[in-house]
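The first residue in the sequence is number 1, and the count goes up from there.
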Amino acid sequence: MDYTMILVVVIVALAIGFDFINGFHDTANAIATSVSTRALSPRIAIILAAVMNLLGALSFTGVAKTIGKDIANPLQLEHGLTVLIATLISAIAWNLITWWFGIPSSSSHALIGALAGSVIASEGFEGLQYGGFSKIVMGLVFSPIIAFIVGFIIMYILKIVLANMSPHKINKGFRWGQRITAMWQSYAHGTNDAQKAMGIMMMALVAANIETDMDQPIPLWVKLSAAIAMALGTSIGGWKIIKTMGTKIFKIEPVNGFAADVSAAGVIQVATLMHFPISTTHSITSSILGVGAAKKFSSVNWSIAGRIVITWFITIPAVALLSTLIFYVLRLLNV
């Protein structure tokens with residue numbers, strides 16, 4: 001096996017590792033509300049999320065191609081494989097740090113910020129494809145705002161419609177509904193997040209001249225490896241983040257969880273259909289905040305929300321800097 005192939009194998013292994021971590025880091029967000037309201041037991045929620053993640057990851061490829069060609073052209077990167085190794089190491093490190101502290105940071109922001117940072121370290125700012133990169137950033141910025149608004153509107157409508165019903169009947173009915181929405185949200189998560197690692201793997205194959213360009217169909221083994229890795233990661237569960245999302249922002253009842261799940265899953269699914277790689281973490285968190293604000297503004301723990309939002313803003317620059325440093329270290333080691 002020549003040196004180039006060794007680097008490709010390393011990148012594939014890191015990408016699979018990233019998706020595995022993404023599984024227990026981000027999928028916790030998808031099932032947090034259904035677990036916190038006891039619509040699903042933790043064990044059943046994790047099994048359902050893993051299965052739906054797997055199905056979602058195998059269903060679409062548009063987001064993978066956006067990641068693979070809109071930030072940088074892998075054929076024009078002088079040290080393309082080193083760029084990708086630095087990207088994945090940085091994103092994985094950030095995910096593990098935020099998971100350890102129970103902060104629902106975005107794996108998408110981490111990966112995109114790390115890729116941008118390592119590309120700039122390798123090629124300078126001219127190495128970025130600003131048209132595609134700005135489109136991705138716009139999607140990352142506006143999706144949580146849209147999710148907040150949608151969550152607020154859906155919860156506000158439900159408050160009016162259900163105003164004269166007994167809380168017991170409301171909770172019983174929407175607890176059943178949450179079982180469906182949790183599955184949809186996990187499926188939507190798989191359609192968007194698993195494709196990001198697929199895009200990185202395809203970049204590696206193109207940079208190594210194994211594939212001709214990013215417009216080629218994504219090989220089945222790439223899709224399967226990313227999908228299975230995410231499903232396995234999901235099966236581990238991310239209890240620290242479930243606790244933050246499900247209990248610390250505000251006291252979620254089944255109707256609130258239902259509204260938040262529908263809002264987030266809808267936003268993620270539309271973004272996937274438009275080939276936009278968005279943050280599922282941000283979409284889910286924002287929908288919960290929107291629902292909480294519609295229920296009762298003062299019921300939301302805005303200090304926790306503020307800490308989450310600060311993490312959103314620092315993720316891309318922090319991970320970009322980290323990947324820049326790692327890229328330089330790798331080059332010093334002649335990687």
* Structure fact -> Taken in chain and number order and not counting sequence neighbours, the residues that satisfy salt bridge (Lys or Arg N to Asp or Glu O under 4.0 Å) with Lys65 are none
* If we only count heavy atoms from C-beta on, is the Phe133 to Val119 side-chain gap below 4.5 Å? -> no
* Asked: Rounded to the nearest 0.5 Å, how far apart are CD1 of Ile21 and CZ of Phe18?
  -> 8.5 Å
* Structure fact -> Shortest non-hydrogen pair, Ala110 vs Asn95, comes out as CB-OD1, 4.1 Å
* Structure fact -> Of all heavy-atom pairs linking Ala207 and Leu81, the shortest is CB-CD2, 4.0 Å
* Asked: Is it true that a side-chain atom of Thr87 and a backbone atom of Val83 form a donor plus acceptor pair closer than 3.5 Å?
  -> yes
* Hey, what do you get for CG (Asp19) to CE (Met198), rounding to the nearest 0.5 Å? -> 7.0 Å
* Asked: Roughly how far apart are Ser186 OG and Ile46 CD1, rounded to 0.5 Å?
  -> 10.5 Å
* Starting from the C-alpha separation in whole Å, work towards a yes-or-no answer on side-chain contact (heavy atoms from CB on, under 4.5 Å) for Leu77 and Leu84. => CA-CA 10 Å; Leu77 296 176; Leu84 297 178; 5.8 Å; no
* Asked: Looking only at heavy atoms, which two atoms of Val12 and Met201 are closest? And how far apart?
  -> CG1-SD, 3.9 Å
* Asked: Would Ile112 end up clustered with Leu321 when hydrophobic side chains under 4.5 Å apart are linked, directly or stepwise?
  -> no
* Asked: Sub-3.5 Å donor-acceptor pair from the side chain of Ser90 to the main-chain atoms of Val319, do we have one?
  -> no
* Asked: Between Asp215 and Lys69, is there a side-chain N and carboxylate O pair less than 4.0 Å apart?
  -> yes
* Structure fact -> One should read off an interatomic distance between Asp70 CG and Leu115 CG, to the nearest 0.5 angstrom, of 11.0 Å
* State, to 0.1 Å, how close Gln76 and Glu123 come at their nearest heavy-atom pair, and which atoms those are. => O-OE1, 3.9 Å
* Atom of Gln185, atom of Ala264 and distance for their closest heavy-atom approach -> OE1-CB, 3.0 Å
* Answer whether the closest heavy-atom distance between the side chains of Val255 and Met155 falls below 4.5 Å. => yes
* To do: Determine yes or no for a side-chain-to-main-chain donor-acceptor pair under 3.5 angstrom, with Thr324 supplying the side chain and Gly117 the backbone.
  => yes
* **Lys223: partners by side-chain hydrogen bond (donor to acceptor under 3.5 Å, both in side chains), with sequence neighbours left out** => none
* Asked: Taking the side chain as C-beta and beyond, is there a heavy-atom pair between His109 and Leu140 under 4.5 Å?
  -> yes
* Distance-only side-chain donor-acceptor flag, Ser106 / Ser279, under 3.5 Å -> yes
* Before giving the answer on side-chain contact (heavy atoms from CB on, under 4.5 Å), spell out for Ile71 and Leu128 the whole-Å C-alpha distance, their side-chain angles and the decisive distance to 0.1 Å. => CA-CA 6 Å; Ile71 298 175; Leu128 287 178; 3.9 Å; yes
* pair Lys196-Ser107: side-chain heavy atoms closer than 4.5 Å -> no
* Structure fact -> Distance col, row Ile85:CD1 vs Leu7:CG, nearest 0.5 angstrom, shows 4.5 Å
* **Under 3.5 Å: donor-acceptor pair, side chain of Ser166, backbone of Lys169** => yes
Acceptor/donor pairs from residues 265-274 side chains to any protein atom, 3.5 angstrom cut, sequence neighbours excluded:
from: Gln269; atom 1: OE1; to: Trp184; atom 2: NE1; distance (Å): 3.3
from: Thr272; atom 1: OG1; to: Thr191; atom 2: OG1; distance (Å): 3.1
from: Thr272; atom 1: OG1; to: Asn192; atom 2: ND2; distance (Å): 3.1
from: Thr272; atom 1: OG1; to: Ile268; atom 2: O; distance (Å): 3.1

* For Gly62, does its backbone N or O pair with a side-chain atom of Gln195 as donor and acceptor, under 3.5 Å? -> yes
* Classify the ring geometry between Tyr187 and Phe60 as parallel (under 30°), tilted (30 to 60°) or perpendicular (over 60°). => perpendicular
* Asked: Hey, what do you get for CD1 (Ile180) to CG (Leu48), rounding to the nearest 0.5 Å?
  -> 9.0 Å
* To do: For Val8 and Ala208, work out which heavy atoms get closest and say how close.
  => CG2-CB, 3.5 Å
* **Heavy-atom side-chain proximity of Thr98 to Thr315 below 4.5 angstrom** => no
* Asked: Do Phe276 and Thr66 have side-chain heavy atoms sitting under 4.5 Å apart?
  -> no
* Asked: Given side chains that start at C-beta, do those of Ile210 and Met5 come closer than 4.5 Å, heavy atoms only?
  -> yes
* Asked: Do any N or O atoms from the side chain of Gln178 and from the backbone of Leu40 form a donor-acceptor pair under 3.5 angstrom?
  -> no
* **Heavy-atom donor-acceptor pair, Asp261 side chain to Phe258 backbone, under 3.5 Å** => no
* Between the main-chain N or O of Ile145 and the side-chain N or O of Ser286, is there a donor-acceptor pair closer than 3.5 Å? -> no
* Asked: Considering residues, nucleotides and ligands other than Phe142, do more than 12 of their heavy atoms fall under 6.0 Å from its CZ?
  -> no
* To do: Decide yes or no for Ile278 and Ile136: does some side-chain heavy atom of the first lie under 4.5 Å from some side-chain heavy atom of the second?
  => no
* Taking a hydrophobic cluster as the set of Ile, Leu, Val, Met, Phe, Trp and Tyr residues connected by side-chain heavy atoms closer than 4.5 Å, whether directly or through intermediates, do Phe327 and Val10 fall within one such cluster? -> yes
* Asked: More than 12 non-hydrogen atoms from neighbouring residues, nucleotides or ligands closer than 6.0 Å to CZ on Arg38, yes or no?
  -> no
* Checking Ser287 side chain against Ile284 main chain: does a donor-acceptor pair fall under 3.5 Å? -> yes
